[in-house]
Enquirer: 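Got a structure for you, questions after.
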There are 2 protein chains.
Amino acid sequence: MSPRPYHSGKRQAAADETRQRILAAARTLLSGASAHQVSVDAVAKAADVSRQTVYNAFGSKSGLLEALFDTLAARAGMDVQEAFAAPDAATALTRFTEAFCRFWDSDRTVIRRLRGMAVLDRDLDRLLRERDEMRRSALTELLRRFTDAPEPETVDIIWQLTGFEAYDALAGRDTPRAHAEATRTVTAAVTVLYDAATAGGSTPRTRR
Amino acid sequence: MSPRPYHSGKRQAAADETRQRILAAARTLLSGASAHQVSVDAVAKAADVSRQTVYNAFGSKSGLLEALFDTLAARAGMDVQEAFAAPDAATALTRFTEAFCRFWDSDRTVIRRLRGMAVLDRDLDRLLRERDEMRRSALTELLRRFTDAPEPETVDIIWQLTGFEAYDALAGRDTPRAHAEATRTVTAAVTVLYDAATAGGSTPRTRR
DNA sequence: AAATCATTAGACAGACAGTAAATCCAAAAA
DNA sequence: TTTTTGGATTTACTGTCTGTCTAATGATTT
């Protein structure tokens, strides 16, 4: 699995493996239907590990949730890199949007719950805001490649439309619309807004 | 204030007043900056009332939060009624959208926190879903007045765009965009989608 | 004057986050 | 082999929060 051998031998490897097992257990519990109130104790039991081990590995419940989110986000990061290699703005924007739609969809329930928990968890809230800011920076840089001066408003709107809430809302809850359809809708909106912003007017205008 | 006198005299009136005071205290606490972990005890203290009184009045913490949301939503209900009196579809949709944007904006922080708490609170979650469904029904009925057969997809998309998450995302968090601007953006998107859906194509299409 | 009822204070059980100390055991180092 | 190290476990404790119960108070209602 891992490309380089652990420098400290089996012991470190075993520790890393329990860490992964705990993360996997947390992910499973959070994606389950009865995920209301996921306690550290429940995660520990699911990972077949003592509660203390969870604290040894992640410090706190917040730390565990933060690590879980970053684990999920790791894959998405690579996809975004590819968007920068696009030949033109439209393609780059589309790839960028699709990368995030794919990410949001990959663990939709887990991400939704993590974002909900962030409302009551200062640390987790800070991390998610940081990650959202990273998306904004990436978007700003991406637009700067093709546009002279990307206006803050344009960046803001596209930033929000490529966020989790927008995707989650468009993909539906109880009656889930297909991933492809939601992605298409978001992409279309992003494209329209970008066109409107670059073609003369600075802000998307309301009809009439 | 209230049009009809309480049939049970002062005692009932006093009880109703404490109920209101508790709701007001909860609203204040939830809208405050340090609203992480709002306990029943904190609400009781803020309302200058014993903890038990809160349970007498609302049954549980969930009951209190549900009552709070419905209190906030009460005003919005009337605005939606007016949308039905519009002369044409475009006006009706605009009024409908604006009514909800106004509502979402009226207590944005409180609503955001309530929706976050709903992730961990089955009862509150059920209530919010019910209210969201009511918005969907209202929208379906509204479209039925002007269109022969409003397609489910069209209703779904407009429904999601008039939801809290979409407004909250577009109005921004740390750097809040003006209410008017966010409302304009949502309204424009709704209008565009409705036009696209009624003019031939059944689904909004992606460019190219 | 007597019954009613909202309210209060205080105690209690149960769930959960987080901390601390003693112990076990396999892997690393001597 | 023997010793040391460090991850994991067990147990127990503190503190917070929800929810329930009981006894008492005091104003309103009858």
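Protein chains get the first letters and strands the later ones, always in sequence-line order, with residue 1 at the start of each.
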Enquirer: Check the distance between C:dA9's P and B:D48's CG and give it to me in whole angstrom.
Expert: 9 Å
Enquirer: Separation of B:K45 atom NZ from D:dC17 atom C1', in whole Å?
Expert: 12 Å
Enquirer: Look at the side-chain N and O atoms of B:T53 and state whether any lies under 4.0 Å from the OP1 or OP2 oxygen of C:dT8.
Expert: yes
Enquirer: Counting side-chain heavy atoms from CB outward, which of D:dA8, D:dT18, C:dT19 is closest to A:A15?
Expert: D:dA8
Enquirer: If you measure from the Lys or Arg side-chain nitrogens to the Asp or Glu carboxylate oxygens, is any gap between A:R95 and A:D79 under 4.0 Å?
Expert: no
Enquirer: Output the distance between atom CZ (B:R113) and atom CG (B:L30), rounded to the nearest 0.5 Å.
Expert: 7.0 Å
Enquirer: Assess whether one donor atom and one acceptor atom, taken from the side chain of A:Q37 and the base of C:dC16, lie less than 3.5 Å apart.
Expert: no
Enquirer: Think B:T18 has a side-chain N or O under 4.0 angstrom from the OP1 or OP2 of C:dT7?
Expert: yes
Enquirer: Can you find a donor-acceptor N/O pair under 3.5 angstrom joining the side chain of B:R11 to the base of C:dT4?
Expert: yes
Enquirer: For B:F58 and D:dG19, what is the distance between atoms CZ and C1' respectively, to the nearest whole Å?
Expert: 16 Å
Enquirer: Could you state the atom-to-atom distance from CG of B:D123 to P of D:dG19 in whole Å?
Expert: 9 Å
Enquirer: Please report the distance, rounded to the nearest Å, between CZ in A:R51 and C1' in D:dT9.
Expert: 12 Å
Enquirer: Would you please test B:R129 and B:D125 for salt bridge (charged side-chain N to carboxylate O under 4.0 Å, His left out) and show each step?
Expert: CA-CA 6 Å; B:R129 282 176 196 268; B:D125 189 63; 2.8 Å; yes
Enquirer: As an exercise, state the distance from CZ of B:R135 to CG of B:L142, rounded to the nearest 0.5 Å.
Expert: 13.0 Å
Enquirer: Whole angstrom is fine here: how far is it from OH in B:Y55 over to C1' in C:dT8?
Expert: 16 Å
Enquirer: Between P on D:dA8 and CD on A:Q12, what's the gap in Å once rounded to a whole number?
Expert: 10 Å
Enquirer: Under 4.0 angstrom, heavy atoms only, what part of the nucleic acid is A:S50 near: base, sugar-phosphate, or nothing?
Expert: base
Enquirer: C:dT7, C:dA17, D:dT20: which one has an atom nearest the side-chain heavy atoms of B:N56?
Expert: C:dT7
Enquirer: Distance check needed: D:dA27 C1' versus B:E17 CD, whole Å only.
Expert: 15 Å
Enquirer: Where the side chain of B:K10 is defined as all heavy atoms beyond and including C-beta, which of D:dT28, D:dT20, C:dG18 is the nearest nucleotide?
Expert: D:dT28
Enquirer: What distance do A:D121 atom CG and A:L114 atom CG have between them, rounded to the nearest 0.5 Å?
Expert: 10.0 Å
Enquirer: How do A:Q52 and A:S39 order along DNA chain C: which one's closest nucleotide is nearer the 5' end?
Expert: A:S39
Enquirer: Checking contacts here: which listed nucleotide (D:dG19, D:dT29, C:dT19) is nearest the side-chain heavy atoms of B:K61?
Expert: D:dG19
